[in-house]
Amino acid sequence: MSNLTRVTQFILRGFSDAPELRFVVILFFFFVYIFCLLGNFSIIMAVTRDSRLHYPMYFFLKNLSFLDMCYTSVTIPKALATSFTGSGIISYFECVTQLYIFITLAATESFLLTAMAYDRCLAILRPLLYVIIMNQRLCSELVVMAWLSGAIYSVFHTVNTFSLPFCGPNVVEHFFCDIPPVMRLSCTDYHHNEQVGFAVSSCIIMSSFALTLLSYVFIISTIVQIPSVDGRWKAFSTCSSHLTTVLLFYGTASFMYLRSASQYSSAQGRLASIFYSIFTPALNPVIYCLRNKDMKIALQKLYCPKEH
């Protein structure tokens, strides 16, 4: 039994296995991280300060921006330190904590994207009742529900992963503690835990994704019935940013988790994780600001108040 409990720490690989690219990788992801923090913080400040943006859509966007700031902060600082020092040592408890927080934030983002899809669906299908139904109380309840659901969902995956015994090797082929690369280090057969985890994920996260897609089925079916081209374009433009975020998030995350841990590739796994855990949160401010005139004006007022 002592052999099954002797692993007290893990070693993270970092962003790249190539030592000659270390400083280039560090600088690149450092600037991406700063860009992500500044972009999402700017959205939070703009929505908070501009009274014209005190609507449900921007309330959800502000919460998404805060979530994305936390999301990237769980993995990037530790990965940068690993790449800089060359030592990716992380204690067993820190690995458990990192995985729990990461899965909590990832699941919360999935549920929050579903709430945002419901908000857009209601705005287009029931425009006259939208303000009455989507009031401040309901918006707050949906956000709180997303966070609580994400935290509870993460408890299961954390327990399901770390209930396995780890007796060596302890090198995690990833830049943070994630389910597939950690499970592969178990010194017993992990396939039962993997199948249970996949079944729960399919029921919960894929159900959330299915509700999001269903919302867009209703949205698109309503938009095509609008007689004028301008009306159809205006209606779709209010949803295009959210739809882009949904496709980026689920598209890259599914590549990571809809496969067996035994088929996990360190290079492909890291690349997929970089897209959905780093690039997507960093691109969200750009996606939501490019096609939103009100957000552009709010950001201009925030950073260039004299011009307004």
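Just so you know, these numbers use all the heavy atoms, side chains as well, and skip hydrogens, waters and symmetry mates. Note that the coordinates shown come from a computational prediction; the quantities given were computed from them, not determined experimentally. Just so you know, residue 1 is the first one in the sequence shown, and it goes up from there.
Residues F175 and R13 are not in side-chain contact: their nearest non-hydrogen atoms beyond the backbone lie 4.5 Å or more apart. With contacts defined as side-chain heavy-atom distances shorter than 4.5 Å, the pair P285/Y288 does not qualify. No side-chain heavy atom of T8 sits under 4.5 Å from any side-chain heavy atom of N170. At least one side-chain heavy atom of D68 sits under 4.5 Å from a side-chain heavy atom of E109.
Under 3.5 Å, the side chains of T114 and T212 contain a donor-acceptor pair of N or O atoms.
When the ring-ring contact (aromatic ring centres under 6.0 Å, His included) test is applied to Y118, no partner is found at least two apart in sequence or on another chain. Residues that satisfy the disulfide bond (SG atoms under 2.5 Å apart) test with C239, not counting sequence neighbours, are absent from this structure. Residues that satisfy the ring-ring contact (aromatic ring centres under 6.0 Å, His included) test with F29, not counting sequence neighbours, are F15. Shown here are the ring-ring contact (aromatic ring centres under 6.0 Å, His included) partners of Y153, two or more places apart in sequence or in another chain: H157. With sequence neighbours left out, the side-chain hydrogen bond (donor to acceptor under 3.5 Å, both in side chains) criterion links Q225 to no other residue. Residues forming a side chain to side chain contact (heavy atoms under 4.5 Å, CB included) with T97 (at least two apart in sequence, or on another chain): F93, I101. In terms of the ring-ring contact (aromatic ring centres under 6.0 Å, His included) criterion, Y33 has no residue partners (sequence neighbours excluded). Taking the side-chain hydrogen bond (donor to acceptor under 3.5 Å, both in side chains) definition, one finds that S228 meets it with nothing, sequence neighbours left out.
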Name the atoms and distances for all side-chain donor-acceptor pairs under 3.5 Å in residues 123-133, with sequence neighbours left out.
{"unit_1": "Y130", "atom_1": "OH", "unit_2": "D119", "atom_2": "OD1", "d": "2.5"}
{"unit_1": "Y130", "atom_1": "OH", "unit_2": "R120", "atom_2": "NH2", "d": "3.3"}

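A distance of 12.0 Å separates CZ in F41 from CD1 in I43, rounded to the nearest 0.5 Å. Here the CZ-CZ distance, from F166 to F10, works out to 5.0 Å after rounding to the nearest 0.5 Å. Here OG1 of T104 is found 10.0 Å from CD1 of I152. Values are rounded to the nearest 0.5 Å. If you take CG on L12 and CD on E94, they are separated by 9.5 Å, rounding to the nearest 0.5 Å.
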Worked verdict on L105 versus T108 for side-chain contact (heavy atoms from CB on, under 4.5 Å): CA-CA 5 Å; L105 296 172; T108 301; 5.5 Å; no

Stepwise, does the side-chain contact (heavy atoms from CB on, under 4.5 Å) test hold for L142 with F111? CA-CA 9 Å; L142 289 173; F111 300 139; over 6 Å; no

Give the C-alpha distance, both sets of side-chain angles, the deciding distance and a yes or no for side-chain hydrogen bond (donor to acceptor under 3.5 Å, both in side chains) between T280 and Y71. CA-CA 10 Å; T280 299; Y71 195 37; over 6 Å; no

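Sorted by first and then second residue, the side chain to side chain donor-acceptor pair (under 3.5 Å) pairs involving residues 45-61 (not counting sequence neighbours) are Y58-N292. Within the structure, the salt bridge (Lys or Arg N to Asp or Glu O under 4.0 Å) test picks out the following pairs touching residues 140-152 (sequence neighbours left out): R137-E141. The disulfide (SG to SG under 2.5 Å) contacts involving residues 69-118 comprise C95-C177, where partners must be two or more places apart or lie in separate chains.
A side-chain contact (heavy atoms from CB on, under 4.5 Å) with H242 is found for exactly one of L113, L61, I287, namely L113. The residue from I90, I103, D178 that alone fulfils the side-chain contact (heavy atoms from CB on, under 4.5 Å) condition with Q98 is I90.
Between F84 and F23, the angle of the ring planes goes over 60°, which puts this pair in the perpendicular group of the 30/60° scheme. Below 30°, between 30° and 60°, or above 60°: for F279 and F275 the angle between ring planes is above 60°, a perpendicular geometry.
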